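Predicted model, so just to flag it, every value in this text is computed and none were measured.
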Amino acid sequence: MQNILIIEDEESLAEFLILELKYEGYKVDVFHDGRAGLEAALQKDYDLILLDLMLPRLNGVEVCRRLRAAKDTPIIMLTARDSVMDRVTGLDSGADDYLAKPFAIEELLARMRVISRREQKRSEEKKLVLSFKNLELDVESRVLRKDSTTIELTNKEFELLMMFMKNVNRVLTRDVLLEQVWGYDSVVETNVVDVYVRYLRNKLSNSDNETYIHTIRGAGYVMR
């Protein structure tokens, strides 16, 4: 059973949400002002927060910002204001989704299910242990072991190796690696990929000269 926190000062809407969510099998807590809601969100682990934008004592944007500094609890922001800037402000403050009032309960439930599936996938990925030949990469603890030896990796080396180990036998271009490891907005050049592949090769090398990451001329790299 998922625990949902509602922070909504419109009591009639809050009561409606409580009834509908409990009917769907959720466990629900509700607070009617931003400060009390924030304190509850910080003290207890919720699966999802429904957060009104316009709240007494502390507005929804500030609640969201303060909560994001401490936790990654998914947040759907609810508000009667539906301008582009309002949506941007809500999302920029850390909300995962934005729903304008009035809304159909079916749409809210659908959005909640989408977030739940996404969070479940993230949780499963964190528990993931990737294996290839004599390599074992623990994604949650961010530890690489080769046979029984632990190999220290920088953050970028880890992210790059994880990309290769998730895509064994698939050729990955430098652009794809750059986008996935360094990000869409990265200003680094594609040759940084070559540099980090070399770092990885040096750390993975051994006396029998086994090659894990192969260069595909004119295309990119592949782990096989």
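Across all non-hydrogen atoms, the minimal contact from L128 to K166 is CD2-CE, 4.2 Å. Here the shortest heavy-atom pairing between G94 and C64 reads C-SG, 3.5 Å. Nearest heavy atoms, L42 versus A70: CD2-CB, 3.8 Å. Pairing each heavy atom of V143 with each of F158, the nearest pair is N-CE1, 4.0 Å. Minimum heavy-atom separation, G60 to L51: O-CD2, 3.3 Å. In plain terms, the two heavy atoms of A36 and F31 that are nearest each other are CB-CD2, 3.9 Å.
A distance-only check finds no donor-acceptor pair linking the side chain of N167 to the backbone of R170 [under 3.5 Å]. A distance-only check finds a donor-acceptor pair linking the side chain of N59 to the backbone of V61 [under 3.5 Å].
Legend: residues meeting side-chain contact (heavy atoms from CB on, under 4.5 Å) with N3, ordered by chain and number and at least two apart, are K27, Y46, D47. Not a single salt bridge (charged side-chain N to carboxylate O under 4.0 Å, His left out) links K156 to another residue, sequence neighbours left out. For the side-chain contact (heavy atoms from CB on, under 4.5 Å) test, residues two or more places apart in sequence or in another chain that qualify with D92 are V88. When the salt bridge (charged side-chain N to carboxylate O under 4.0 Å, His left out) test is applied to E39, no partner is found at least two apart in sequence or on another chain. With sequence neighbours excluded, no residue satisfies salt bridge (charged side-chain N to carboxylate O under 4.0 Å, His left out) with E136. Under the salt bridge (charged side-chain N to carboxylate O under 4.0 Å, His left out) criterion, R201 pairs with no residue at all, not counting sequence neighbours.
Applying the salt bridge (Lys or Arg N to Asp or Glu O under 4.0 Å) rule to pairs touching residues 14-26 yields nothing, sequence neighbours excluded. Screening residues 213-224 for salt bridge (Lys or Arg N to Asp or Glu O under 4.0 Å), with sequence neighbours left out, gives no hits. Counting only residues at least two apart or in different chains, side-chain hydrogen bond (donor to acceptor under 3.5 Å, both in side chains) contacts with residues 99-118 comprise Q2-S116, E8-K101, D52-K101, D96-R118, D97-R111, E107-R111.
Under a 4.5 Å side-chain heavy-atom criterion applied to ILVMFWY residues, the cluster that includes V171 comprises I216, V222 as well. Other members of the hydrophobic cluster containing L48, listed by chain and number, are I4, I6, L13, F16, L17, I18, L21, Y26, V28, V30, L50, I76, L78, L99, F103, I105, L108, L109, M112, I115; membership follows side-chain contacts under 4.5 Å among ILVMFWY residues, whether direct or relayed. The hydrophobic cluster around V114 extends to none of the other residues, as no ILVMFWY side-chain heavy atom falls under 4.5 Å of it.
Put simply, the residue from L55, L58, I75, D29 that forms a side-chain contact (heavy atoms from CB on, under 4.5 Å) with I7 is L55.
Atom CG of L130 is separated from atom CE of M163 by 11.5 Å, given to the nearest 0.5 angstrom. For the atom pair CG (L67) and CG (L38), the distance works out to 6.5 Å, reported to the nearest 0.5 Å. Between T211 atom OG1 and M223 atom CE the span is 11.0 Å, to the nearest 0.5 Å. From L144, atom CG reaches atom CG of L153 across 5.0 Å, with rounding to the nearest 0.5 Å. With rounding to the nearest 0.5 Å, the separation of CG in D33 from CZ in R57 is 4.5 Å. The line from OG1 of T173 to CG of L178 is 9.5 Å long, rounded to the nearest 0.5 Å.
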request  = Could you give me the CA-CA distance, side-chain angles and deciding distance for T154 and E157, then say whether side chain to side chain contact (heavy atoms under 4.5 Å, CB included) is met?
outcome  = CA-CA 5 Å; T154 66; E157 289 169 351; 3.1 Å; yes
task = Check step by step if side chain to side chain contact (heavy atoms under 4.5 Å, CB included) holds for V195 and Y199.
result = CA-CA 6 Å; V195 173; Y199 291 161; 3.4 Å; yes
R142 and E152: CA distance, side-chain angles, deciding distance, salt bridge (Lys or Arg N to Asp or Glu O under 4.0 Å) verdict = CA-CA 9 Å; R142 299 181 74 83; E152 296 293 332; over 6 Å; no
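Residues E62 and S93 are not in side-chain contact: their nearest non-hydrogen atoms beyond the backbone lie 4.5 Å or more apart. The shortest distance between side-chain heavy atoms of I151 and L204 falls below 4.5 Å. The shortest distance between side-chain heavy atoms of I213 and Y221 falls below 4.5 Å. No side-chain heavy atom of N191 sits less than 4.5 Å from a side-chain heavy atom of R174. In this structure the side chain of L137 reaches within 4.5 angstrom of the side chain of M162, judged on heavy atoms. You'll find the side chain of M54 stays beyond 4.5 Å of the side chain of E10, heavy atoms only. Side-chain contact between L177 and F164 is present, with heavy atoms from C-beta onward closer than 4.5 Å. Side-chain atoms of I49 and T73, non-hydrogen and from C-beta on, do get closer than 4.5 Å to each other.
Using a 3.5 Å distance cut-off with no hydrogens or angles, the side chains of Y212 and N134 do pair a donor with an acceptor. Side-chain contact of N202 with S205: a donor-acceptor pair under 3.5 Å is absent, judged by distance alone.
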